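First the structure, in the form of structure tokens, and then the observations on it.
If you read the sequence from its start, that first residue is 1, and numbering goes on from there. Keep in mind that this is a model prediction, so the values were computed, not measured.
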Amino acid sequence: MQPKTDKEIKAIRASGRMLAITRDLMAKNVVAGITTKEIADIGRKELKSLGGEPAFLNYMGFPDIVCISVNSQVVHGIPSKYIVKSGDLVSIDFGVKYQGMITDSAVTVVAENQTSGRVRKLLKATEESLYAGIDQVKAGAKVGDISNAIEKRLRQDGLGVVEDLIGHGVGHKVHEDPEIPNYGLAGTGPVLKENMTIAIEPMATLGSKEVFTELDNWAMSTVDNSLSAHFEHTVLVLDKGYEVLTSSS
């Protein structure tokens, strides 16, 4: 993956701002009684008002603007008539395209904020593993530095580290090189270059790391029906650090 130009970076920053606003609005609307399709439609309306395009719609045939995965679904859930219940874990994975540049981000929230301490631990550890990975980002660092930092944080709480799904480069396409696993050895893998843009996205479970594809050929769920969490940001590689392009702030 080639580093982005100044013009491309300006566009991808704008894409990231639109994504953060729209993602946060969808997350705010994860309440008992709403359907996942209604959440997606809220996002569709908001993104249109901001002037962005949904990057996932029709990507490899995906039928909606956002992936909304519930409980044991790890990724790629299709918004539907499913009615969210209090205590459900709902993951929102969203991509935005603006002036040809794409950003990608995900967050997992609990409906009505009603959940057990064990589930809160899953959410806290998975989100913290995302930032542990991000903290490794700078020009000259290696992908394995990110992967190892994520894995260490997840293993600390004994979580299942999903190995079949990984982070990736992003920008001109939804998925670009390099691949960024959520496990691995520090000091290994491709070298990060200044002005590259990457999507870091740990996925963890309260049980097995193994996942399977559901009958709709999209949603991927845990084989043991354990709950899962997914957090993701698009990050710009800087000479001596990083810039999170999809941050709420």
Stepwise salt bridge (charged side-chain N to carboxylate O under 4.0 Å, His left out) check, K142 with D145:
CA-CA 5 Å; K142 294 189 175 181; D145 301 337; over 6 Å; no
Would you call the rings of F62 and W218 parallel, tilted or perpendicular, taking 30° and 60° as the class edges?
perpendicular
Less than 4.5 Å apart, side chain to side chain, heavy atoms only: is that true for I102 and K97?
yes
Expected output: side-chain D224 to main-chain S208 donor-acceptor under 3.5 Å:
yes
Between I200 and E232, is there a side-chain heavy-atom distance shorter than 4.5 Å?
no
With distance as the sole criterion, is a donor-acceptor pair present between the side chains of S15 and T103 under 3.5 Å?
yes
Joint cluster assignment, L238 & I146, ILVMFWY side-chain distance < 4.5 Å
no
In terms of hydrophobic clusters joined by side-chain contacts under 4.5 Å, are I134 and V191 together?
no
For Y242, side-chain hydrogen bond (donor to acceptor under 3.5 Å, both in side chains) partners two or more places apart:
D135
Under 3.5 Å, is there a donor on one side chain and an acceptor on the other for E214 and S221?
yes
For T108, is there any backbone N or O sitting under 3.5 Å from a side-chain donor or acceptor partner on S91?
no
Test side chain to side chain contact (heavy atoms under 4.5 Å, CB included) applied to S129 and L159, I150, N182, the passing residue:
I150
Shortest non-hydrogen separation from I12 to G171 and the atoms involved:
CD1-CA, 4.1 Å
Validation row: S80, I68 side chains within 4.5 angstrom (heavy atoms):
no
Hey, are the side chains of H172 and E8 touching, using non-hydrogen atoms and a 4.5 Å cut-off?
yes
Using a 3.5 Å distance criterion without hydrogens, assess whether the side chain of Q136 forms a donor-acceptor pair with backbone atoms of G133.
no
Side-chain (N29) to main-chain (L25) donor-acceptor, under 3.5 angstrom
yes
If you count the non-hydrogen atoms of other residues, nucleotides and ligands that lie under 6.0 Å from CZ in F56, is the total more than 12?
yes
Report yes or no: do I166 and M220 belong to one cluster of Ile/Leu/Val/Met/Phe/Trp/Tyr joined by side chain heavy-atom distances under 4.5 Å?
no
Report yes or no: do V137 and L236 belong to one cluster of Ile/Leu/Val/Met/Phe/Trp/Tyr joined by side chain heavy-atom distances under 4.5 Å?
no
Please, which pairs that meet side-chain hydrogen bond (donor to acceptor under 3.5 Å, both in side chains) have at least one residue in residues 187-205, sequence neighbours excluded?
K4-T197, H168-E201, E201-H230
Flag yes if L227 and V84 sit in one hydrophobic cluster, no otherwise; membership is Ile, Leu, Val, Met, Phe, Trp, Tyr, and two members link when side-chain heavy atoms are under 4.5 Å apart.
yes
Please check if the number of heavy atoms outside K37 that lie under 6.0 Å from its NZ is greater than 12.
yes
Please check if the side chain of S69 supplies one atom and the backbone of G77 the other of a donor-acceptor pair under 3.5 Å.
yes
